[in-house]
Amino acid sequence: MENNKCEHCAKHKHRTEKEYKSLVNRLNRIEGQIRGIKGMLEKDSYCPDILVQVAAANAALNAFNKELLANHIRTCVADDIRAGNDETIDELVGVLQKLMK
């Protein structure tokens, strides 16, 4: 399934409409959180209040990553393994190592 891979620029992932909408909704909420943090800074909000909002934005980004990673494993990785493309496992390990820094 060459068109279904999502590694680097040469590969693409065709997402379902449901998957796409879910991910975009998450990013829109994160974008709003970031704008809110910027607004807090511009209004000279108290540092701990800003830090709490930054932690919430980080948690939202982590939730986005978890959803995207789960979808990737269920589709791209599973399809590649079934097709005998075991190099996808090394790619996945590399991605996980970057996510856990």
Side-chain angles (χ1 to χ4, degrees):
M1 298 190 76
E2 193 65 34
N3 289 343
N4 202 30
K5 294 182 183 179
C6 47
E7 172 192 341
H8 309 300
C9 298
K11 296 181 180 181
H12 299 280
K13 164 71 169 139
H14 300 285
R15 292 174 179 82
T16 65
E17 186 173 339
K18 180 181 176 185
E19 179 183 357
Y20 174 80
K21 283 183 178 181
S22 176
L23 291 169
V24 168
N25 285 339
R26 283 185 183 276
L27 289 175
N28 287 337
R29 286 192 299 272
I30 293 165
E31 185 178 33
Q33 286 177 299
I34 299 302
R35 281 194 306 269
I37 293 167
K38 182 180 177 193
M40 291 176 77
L41 186 63
E42 291 168 345
K43 294 174 187 170
D44 295 326
S45 295
Y46 190 52
C47 296
D49 295 338
I50 296 172
L51 290 168
V52 168
Q53 292 307 309
V54 170
N58 280 329
L61 279 170
N62 285 334
F64 174 87
N65 276 347
K66 288 176 193 177
E67 182 176 344
L68 187 63
L69 180 62
N71 290 336
H72 176 63
I73 291 169
R74 287 185 187 109
T75 58
C76 302
V77 174
D79 290 344
D80 278 357
I81 290 171
R82 287 184 198 110
N85 300 328
D86 289 339
E87 65 273 1
T88 299
I89 296 169
D90 293 332
E91 177 190 60
L92 178 60
V93 169
V95 168
L96 291 172
Q97 288 172 339
K98 289 177 183 177
L99 288 174
M100 292 181 183
K101 282 186 178 184

Within this structure, what is the [atom1]-[atom2] distance for the pair [X] and [Y], rounded to the nearest 0.5 Å?
X     : Y     : atom1 : atom2 : result
Asp49 : Ile37 : CG    : CD1   : 12.0 Å
Tyr20 : Asn71 : OH    : CG    : 14.5 Å
Thr88 : Asp86 : OG1   : CG    : 8.0 Å
Asn62 : Ile30 : CG    : CD1   : 9.0 Å
Lys43 : Leu41 : NZ    : CG    : 11.5 Å
Glu67 : Glu19 : CD    : CD    : 7.5 Å

Q. Which atom names give the shortest non-hydrogen contact between Thr75 and Lys13, and what distance separates them?
A. OG1-NZ, 3.2 Å
Q. Looking at Ala57 and Ile34, what are the two nearest heavy atoms and their distance?
A. CB-CD1, 4.0 Å
Q.
Between Ser22 and Lys18 (side chain of the first, backbone of the second, donor and acceptor by atom type, cut-off under 3.5 Å), is there such a pair?
A. no
Q.
Checking the side chain of Asn85 only, and the main-chain atoms of Ile81 only, is there a donor and an acceptor separated by less than 3.5 Å?
A. no
Is there a path of hydrophobic side-chain contacts, each under 4.5 Å between heavy atoms of I, L, V, M, F, W or Y residues, that connects [X] with [Y]?
X     : Y     : answer
Ile73 : Leu96 : yes
Val52 : Ile50 : no
Leu61 : Leu99 : no
Val24 : Leu68 : no

Q.
Quick one, Leu92 with Leu69, criterion side chain to side chain contact (heavy atoms under 4.5 Å, CB included). Give me CA distance, side-chain angles, the key distance, then yes/no.
A. CA-CA 9 Å; Leu92 178 60; Leu69 180 62; 3.8 Å; yes
Q | Side chain to side chain, Glu91 and His72, heavy atoms closer than 4.5 Å | A | yes
